Amino acid sequence: MDNKGAFLRPCTDLLALCDCNNFFVSCERLFRPDLEGRPVVVLSSNDGVVISRSNEVKALGVKMGEPYFKVRSFLEMHGTTVFSSNFKLYEEISSRVMASLRRAVPSMEVYSIDEAFLETPPEGKSAPEEWARGLRGTILRETGIPLSIGMAPTKTAAKLAAERAKKHPGAGGAFALLPGKPWDDFLRDIPVGDIWGIGRRWSDFLKKRGVSTALRLRDSSDDWLDRRMGVRGLRTAWELRGIRCYPIERLEKPQKSIQSSRSFSSPVRDRESLLEAVTEYAMIAGRRLRSQNSLAGSLAVSIRTNRFKESFFRAEQEIIFQTPTDSDIRLIRAAADALFSIYREGHDYEKASVWLGRLSCAGMVQLGLFGDEGEEDRGAALSRAADRLNGEAGRRLLAPAALLGEKAWRPRRDRDSGLTLEDLGKLPVIAEEPPPRQNLQ
DNA sequence: TCTGGGGTCCTAGGACCC
DNA sequence: TCTGGGGTCCTAGGACCC
């Protein structure tokens, strides 16, 4: 292959990655300032695994994704405060953080619930780190959420810079890799597996071939990268050379698929309980579908037993809609049909999922040959009315009778802080940075 | 006893067509 | 003996991310 990189010049512009520190833990601490400086974790749905750790817990060696039952007594021993996750709350806090950021920059891309790529404003270009520290202070003041900012010409380098900002006590929460300056000393210390886009499999592959650091990856030949890793490997290496391959996506794109799934609090054997669960998941997915103004062309249901047991059983069925839909009635009916076609008696089911696929934009529908458009209109209108009512009430008022009441399949959340969006409204505006303390990483 | 949920992109290989 | 070749579309599965 030719040296494709020869056509591209290193980028001289700076972008900034803002990454909220220990985001879910930070959210819970907003309401519990007494937990500042103390070990805290947030658990996944069903209190299954650890998904957010305070610095104190990271220092204890507890890993991301660790099953809770394995570390429970260890965490207790160290006086850790444990929370079930409260995603509604985290999403709301996230949108406040994003709104604060948006006021500070010309444009940005919300990358995840706790990260955003920012275009650097003119005032940030002359003294990037100083500007970033100021921004960090602003966000902390306005939302109470601490974050780290990495600046670099490319996203991949900015991710590494943010990691350094987070871990380096002297960085003040910001670190910049400037264009035109040598990054060699910095990249030499980065294990190849810490690079954005290099997961466990690529990391093992690269290390076996002597490419163990970010510097080595950057300096690998384009030909080798292309042959052994394909376009993803090439782009990653170029980004480490300062050549921008992933631009800031300023426009929010609608999702291409929507999934709703939960693990059950205890195994489920009977078809009726599974039907209740997939009905609920279809409605959750339907609400998200309508909120982004899309129609689903297909719906798939999958059910499975405990994947860590030898008797593991899994089944999946996809239903293609004749005409794309956003009507709960049709989604639920399809979910039931799919479920009944795959359900087998005698298994301890642990989880069910509903996927919506082949999404299209509402308003660009092609009418089906054997249209049931009349029913379609009624079903969709009904679903939107329910969205509106439920949205105004802030909780679910309209739901099938079968979903009312306590259900054994609903996920466990024994450590729920019980906070609601109303509590968020009562929160005093936080003005001060927490007192400095020893960095425990 | 107990092991999350929600996404995206890339690639290889088969089907199909001319 | 010899059994085309190339393009496009689609899908499943892998790998990665937070």
Side-chain angles (χ1 to χ4, degrees), chain A residues 17-24 41-53 62-73 75 82-88 90-91 94 109-117 155-156 159 162-163 192-206 226-236 245-246 249 252-267 281 284-285 288-289 292 297-298 300 302 304-309 312 314 316 318 320 348 350-359 411-415:
Chain A
L17 171 68
C18 286
D19 191 347
C20 298
N21 298 348
N22 319 329
F23 183 55
F24 304 155
V41 297
V42 174
L43 303 177
S44 67
S45 167
N46 215 25
D47 294 345
V49 304
V50 174
I51 56 171
S52 184
R53 306 156 295 159
V62 174
K63 298 274 180 280
M64 181 77 167
E66 193 91 62
Y68 179 47
F69 74 89
K70 287 188 180 172
V71 290
R72 182 177 184 158
S73 57
L75 289 173
V82 179
F83 291 101
S84 299
S85 48
N86 188 346
F87 273 90
K88 273 206 180 111
Y90 307 154
E91 277 162 8
S94 168
E109 169 189 349
V110 176
Y111 177 68
S112 72
I113 194 166
D114 67 342
E115 281 172 87
F117 290 105
K155 286 182 171 178
T156 306
K159 291 281 281 186
E163 218 36 55
V192 75
D194 289 3
I195 302 168
W196 188 48
I198 306 294
R200 223 192 52 194
R201 194 180 159 278
W202 282 124
S203 173
D204 290 348
F205 172 89
L206 289 165
D226 187 41
R227 256 188 307 115
R228 309 310 296 263
M229 299 181 71
V231 65
R232 304 292 293 264
L234 265 179
R235 283 181 189 153
T236 299
C245 301
Y246 303 110
E249 306 278 354
E252 204 174 323
K253 293 177 189 160
Q255 287 173 210
K256 296 178 171 177
S257 68
I258 291 171
Q259 179 193 165
S260 176
S261 64
R262 302 281 186 281
S263 297
F264 307 134
S265 57
S266 55
Y281 304 164
I284 292 169
R288 292 216 290 265
L289 182 74
Q292 67 162 33
S298 68
S302 79
R304 67 166 171 77
T305 62
N306 188 326
R307 65 193 189 285
F308 297 98
K309 288 189 176 158
F312 180 56
R314 176 178 194 282
E316 182 174 350
E318 184 182 32
I320 313 272
D348 284 325
E350 189 196 51
K351 179 176 177 173
S353 317
V354 170
W355 293 69
L356 305 181
R358 301 167 199 245
L359 303 193
R412 184 167 45 237
R413 42 185 315 159
D414 297 337
R415 305 298 196 125

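Worth saying up front: this structure is predicted, and the values here are computed from it rather than measured. In the text below, chain A, chain B and the rest are named by the order of the sequence lines, each starting its count at 1.
The gap from the C1' atom of B/dC16 to that of C/dG4 amounts to 15 Å, rounded to the nearest Å.
Residues satisfying the side-chain hydrogen bond (donor to acceptor under 3.5 Å, both in side chains) criterion with A/D194, sequence neighbours excluded, are absent altogether. The ring pair (Phe, Tyr, Trp, His ring centres under 6.0 Å) search around A/F24 returns A/F87, A/Y90, not counting sequence neighbours. A/K159 is linked by a salt bridge (charged side-chain N to carboxylate O under 4.0 Å, His left out) to A/E115, counting only residues two or more places apart in sequence or in another chain. Partners of A/E66 by salt bridge (charged side-chain N to carboxylate O under 4.0 Å, His left out), not counting sequence neighbours: none found. In this structure A/Y68 satisfies the ring pair (Phe, Tyr, Trp, His ring centres under 6.0 Å) test with no other residue, sequence neighbours excluded. Qualifying side chain to side chain contact (heavy atoms under 4.5 Å, CB included) partners for A/P67, counting only residues two or more places apart in sequence or in other chains: A/F69, A/K70. Every residue meeting the side-chain hydrogen bond (donor to acceptor under 3.5 Å, both in side chains) condition with A/S261, not counting sequence neighbours, appears here in chain and number order: A/Q259. Every residue two or more places apart in sequence or in another chain that forms a salt bridge (charged side-chain N to carboxylate O under 4.0 Å, His left out) with A/R304 is listed here: A/E350.
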Shorter than 3.5 Å, N or O on both sides, protein versus nucleotides 7-10 of chain B: list them out with atom names.
unit_1 : atom_1 : unit_2 : atom_2 : d
B/dG7  : OP1    : A/Q255 : NE2    : 2.8
B/dG7  : OP1    : A/R288 : NE     : 3.4
B/dG7  : OP1    : A/R288 : NH2    : 3.4
B/dG7  : OP2    : A/Q259 : N      : 2.6
B/dG7  : O5'    : A/Q255 : NE2    : 2.9
B/dT8  : OP1    : A/K256 : N      : 2.9
B/dT8  : OP2    : A/S257 : OG     : 3.3
B/dC9  : OP2    : A/K256 : NZ     : 2.9
B/dC10 : OP1    : A/R235 : NH1    : 2.7

Within the sub-3.5 Å range, which N or O atoms of nucleotides 12-16 of chain B have a protein N or O partner, and how far apart are they?
none

Identify every side-chain donor-acceptor pair in residues 228-236 of chain A under 3.5 Å, counting partners at least two apart or on other chains, and give the distances.
unit_1 : atom_1 : unit_2 : atom_2 : d
A/T236 : OG1    : A/R232 : O      : 2.9

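Stem regions for DNA chain B, each three or more consecutive Watson-Crick or G-U pairs with both distances under 3.5 Å and listed by first number, read B:5-18 with C:5-18.
The phosphate of B/dG5 has OP1 or OP2 within less than 4.0 Å of a side-chain N or O from A/K351.
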